[in-house]
Amino acid sequence: MAAHYQIEGSTSAAISASVERGIRDGGFAPGDPLPAVRALATELALSPATVARAYQELRQRGLVVTAGRHGTRVRPRPPVASRRAGLLPPPLPGARNLSAGQPDPRLLPPLGPRLAALAAEIGPPTGYAANAVVPDLADAARERLSADGVPAAEITVTGGALDGIERLLAAHLRPGDAVAVEDPGWANLLDLVAALGLRAIGVPVDDEGLTAPGVRAALAAGARALIVTSRAQNPTGAAVSADRADALRALLAGRSDLLLIEDDHAAELARVPLHPLAGATPAWAFVRSVSKPYGPDLRLAVLAGDEATVARVAGRARVGAGWVSTVLQRLVLALWRDPATAGLVDRAGASYERRRNGLVDALAAHGVAAHGRTGINVWVPVPDETVVVTALRDAGWSVAPGVINRIAAAPGVRITVSPLDEADLAPLAAAVARAVRPSAPFGFTA
Ligand SMILES: Cc1ncc(COP(=O)(O)O)c(C=O)c1O
């Protein structure tokens with residue numbers, strides 16, 4: 001813990017290296033406070049400006065966050081691998097883990113048969129020169145995206161949605177630039193934005209997506225990029241509606257100073273129509289991952305956009321990682337073409353929908369409002385995350401505190417429905433209701 005970790009150094013670089021070492025070695029856990037600037041300066045007999053510079057450097061690299069009177073703390077998931085990760089206490093024996101945000105492994109297509117078929121048709125090993133986007137995959141992606149109203153003349157492939165978003169942000173923005181993100185939003189994205197040294201501006205979300213006044217305010221505050229989750233927003237399950245898409249398109253029209261990024265990670269699982277914003281701004285990208293319907297281990301997303309934006313992403317990849325393995329590209333193509341897989345993905349979407357709606361309805365019967373229009377999560381606004389997470393853990397359910405998803409949004413907990421069976425919904429809803437509203441004090445009447 002922080003109290004036991006001694007930060008050392010006589011220069012700002014040495015102090016920030018010492019803090020980083022502390023994070024790696026487990027001396028600092030995620031969320032731990034760092035000493036106040038003045039206190040550490042006194043302890044190390046240095047000027048406060050030297051310590052402040054060290055903290056600023058750590059902040060720009062996304063290792064720590066400074067939040068007003070709460071001081072400076074280690075970020076929930078700093079971009080430094082920690083040896084401590086392996087030492088984290090295991091979940092309580094018997095507790096059901098609903099905190100992971102993972103698709104249901106029972107509903108992911110088995111890869112074995114498709115890999116076996118691929119083995120028969122794949123040609124001789126290829127070298128560096130021949131590799132890029134597999135033309136048949138590009139054609140199939142174009143067809144799928146165009147059918148959903150996304151202009152897909154220009155297309156490339158990335159190692160998942162977040163890899164695509166990282167390449168887009170790195171190609172268009174500079175450290176210190178502001179990025180408008182959903183609040184509450186996807187924790188990994190908030191971590192990435194911090195790790196790139198960018199500033200996140202939180203935009204409120206309702207069930208129809210980013211609110212128009214929130215986007216207007218973010219634009220006025222100087223946002224250089226806007227990231228929109230089309231469907232299955234994480235953590236609220238929001239999906240951009242037709243009306244909201246119209247309103248946002250009108251707001252964004254002609255903004256040549258803004259990069260618009262859409263993340264359609266739920267893709268074939270979403271079960272609500274896509275209302276894309278693609279093309280509303282001159283610089284735009286639409287990223288569709290295969291992780292949720294077909295499996296996160298495929299590490300693949302297709303990225304469409306305007307010609308200059310796609311060229312930046314593809315060109316930057318070429319001078320770095322190179323390309324996404326054509327073996328994976330062919331595997332995804334085989335999954336897309338397989339009617340049995342399409343049937344499974346359809347059943348998976350229906351199953352998530354039943355479990356999500358079942359949980360939201362069961363919670364409503366207890367007077368607890370919750371959100372979950374699409375996707376694999378249900379978001380429950382709560383008065384105090386720690387109280388609710390602890391009470392639910394004691395009742396045998398592990399849920400995710402919303403603190404890792406939030407900038408200024410109100411507290412909540414995220415419940416992933418993937419591990420749930422329908423018989424779990426009533427007891428879980430009852431446990432959530434008890435945790436959200438612990439019994440009133442004796443003698444209290446409302
Ligand atoms: C909002 C959002 N986008 C994208 C993804 C998937 O990203 P990737 O394609 O990098 O696996 C997730 C996974 O949880 C997500 O919640």
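Just so you know, ligand 1 is whichever comes first in the structure, and atom 1 is the first atom listed for that ligand. The figures here come from the full heavy-atom set of this structure, side chains too, leaving out hydrogens, waters and symmetry mates. If you're wondering where the values come from, they're calculated on a predicted model, not measured in any experiment.
Under 3.5 Å, the side chains of Thr236 and Gln233 contain a donor-acceptor pair of N or O atoms. Looking at Asn97 and Ser99, their side chains do bring a donor and an acceptor atom within 3.5 Å of each other.
Judged by the shortest distance from any of its heavy atoms, Gln102 lies outside the 4.0 Å radius around the atoms of ligand 1. The closest approach between any non-hydrogen atom of Lys292 and ligand 1 is below 4.0 Å.
Using cut-offs of 30° and 60° on the angle between ring planes, the pair His265 and Trp186 is parallel.
Of all atoms in ligand 1, numbered sequentially from 1 with element shown, those under 4.0 Å from a heavy atom of Arg299 are 8 (P), 10 (O), 11 (O). Heavy-atom proximity to Gly160, at under 4.0 Å, picks out these atoms of ligand 1: 9 (O), 10 (O). Which parts of ligand 1 touch Ser291 is read off a 4.0 Å heavy-atom cut-off, strictly below it: atoms 8 (P), 9 (O), 11 (O). Of all atoms in ligand 1, listed by their number and element, those nearer than 4.0 Å to a heavy atom of Ser289 are 8 (P), 9 (O).
Contacts with ligand 1 closer than 4.0 Å are made by heavy atoms of both the backbone and the side chain of Ala161.
Atom 7 (O) of ligand 1 has as its closest protein heavy atom Trp186 CH2, 3.5 Å. Nearest protein heavy-atom neighbour of atom 1 (C) of ligand 1: Asp263 OD2, 3.4 Å.
In this structure, Gln102 contributes its side chain and Ser418 its backbone to no donor-acceptor pair below 3.5 Å. Not a single donor-acceptor pair under 3.5 Å links the side chain of Arg96 to the backbone N or O of Gly396. Between the side chain of Arg373 and the backbone N or O of Asp207 there is at least one donor-acceptor pair closer than 3.5 Å.
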* **Check against salt bridge (Lys or Arg N to Asp or Glu O under 4.0 Å), Asp139 and Arg142** => CA-CA 5 Å; Asp139 287 347; Arg142 275 194 196 98; 3.3 Å; yes

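For ligand 1, none of its N or O atoms has an N or O atom of Gly159 under 3.5 Å away. Taking only nitrogen or oxygen atoms, main chain and side chain alike, Gly101 does not reach within less than 3.5 Å of ligand 1. Any N or O atom pair closer than 3.5 Å counts here, and Asn234 shares at least one such pair with ligand 1.
Within 6.0 Å of CG on Asp421 lie more than 12 heavy atoms contributed by other residues, nucleotides or ligands.
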